[in-house]
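Order of listing sets the numbers, starting from 1, for every ligand and every atom in it.
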Amino acid sequence: MENRRDFLKKGAVAAAALSIPSAIGCVDTSPIRGKVAMKTGRTGEALVLWFSQTGYTERNGKLLAYRLAKLGMKVTASEIRQFDTKGMGDFDLIVVGSPTFYYDTPTYVKKWIGTLPELKGTPVAAYVTFGGPEGNQHNAACSILECLVERGGVPIAQTAFMNMSAFPLSWSGDKVHEKTWMSRNLPNEGTYDRVREYAVFLALQVKEGKGAEFAKRVTLRETSIWFNPIWWTKKFVKNHSILKEKCIECGKCVEKCPVDAIDLSAPRVDRETCVLCFGCINNCPVEAVHMEYGGEKVIGYRDFMKMKNLSVKEPAELTT
Ligand SMILES: Cc1cc2nc3c(=O)[nH]c(=O)nc-3n(C[C@H](O)[C@H](O)[C@H](O)COP(=O)(O)O)c2cc1C
């Protein structure tokens, strides 16, 4: 448990961080590159994996898998929570996708990559989805590559696809609500064309045995990660709970929670364990997950989409 002193200490550190001038932006950190020789020769089998809470990263992952298959690769595609790393075969390309949360790839995804078996020079690539133009998406994609390199992968590419933000605090509350509405960015055929082009690029990199180097940029957004934005945001989110009278026990919130913080039998949310990913409130079909922010009820992603009569157009290939 944090006491008042810890809280003030973190406050002072965060204030110091905010005073770091934005002039530090765009300094590159040490390059992310393979530590072993790239495995070349075979180009047959690809593995496309994603972590996705509201469907954007999943949709792009499925489209990538579809296009790689069209380009002649045998493709295995899966959400990471449904993928068994133990029985994992030998692949010629591994692609990992993740949403950007709090200016980075979620810790859960990084830890999960750490459980992969030794990749022995397998070409690896990353993609992230993100919700705003200043979301630190480049560095988030670098984080995925860093983890894959640790497992013995050799980076060949990384990219980011912009979507609608699924961050409920950006639309809960009257004023910001309208701001998010104005800057909504639902994926369209232009977004999907970039995914299709990425598949072509990946297949070519593998075929030609081309590795690449990437580097994180020391931006203000990047430095803010050092001061634990989840911890800070949690301070302002109140009464995170499951409403017993509304809950239909469908288990969607439990399934989406990456840290097992929800116990439906009570029902109870362990707020200490919670990483504030909003997977529960964003996916509850009956508005049974309750949270307050700035004194107002937080609206989940699906409810916001319904309220604004928005829907996501699927890529043509995935609808037939
Ligand atoms: C908890 C949370 C934090 C987020 N933080 C960021 C962020 O730092 N930068 C950004 O560009 N988008 C951010 N977003 C928006 C998501 O990255 C974006 O909506 C993403 O496409 C969601 O992917 P998914 O539908 O596969 O879960 C955040 C969303 C959530 C729910």
Exercise. Ligand 1: which residues have a non-hydrogen atom closer than 4.0 Å?
Worked result: Ser52, Gln53, Thr54, Gly55, Tyr56, Thr57, Pro99, Thr100, Phe101, Tyr102, Tyr103, Thr129, Phe130, Gly131, Gly132, Gly135, Asn163, Met164, Ser165, Ala166, Phe167, Leu276, Cys277, Phe278

Exercise. Does a side-chain N-to-carboxylate-O contact under 4.0 Å join Arg217 and Glu222?
Worked result: no

For this session: Count the heavy atoms of every other residue, nucleotide or ligand shown that sit under 6.0 Å from NZ of Lys256, and state whether that count exceeds 12.
Result: yes

For this session: Determine, for Lys110 against Asp104, whether the closest basic-nitrogen to carboxylate-oxygen distance falls under 4.0 angstrom.
Result: yes

Exercise. Got a sec: does the NZ of Lys246 have more than 12 other heavy atoms crowding it under 6.0 Å?
Worked result: yes

Exercise. Are the charged groups of Glu317 and Lys70 less than 4.0 angstrom apart, N to O?
Worked result: no

Exercise. Within a reach of under 6.0 Å around CG of Asp260, are more than 12 heavy atoms found that belong to other residues, nucleotides or ligands?
Worked result: no

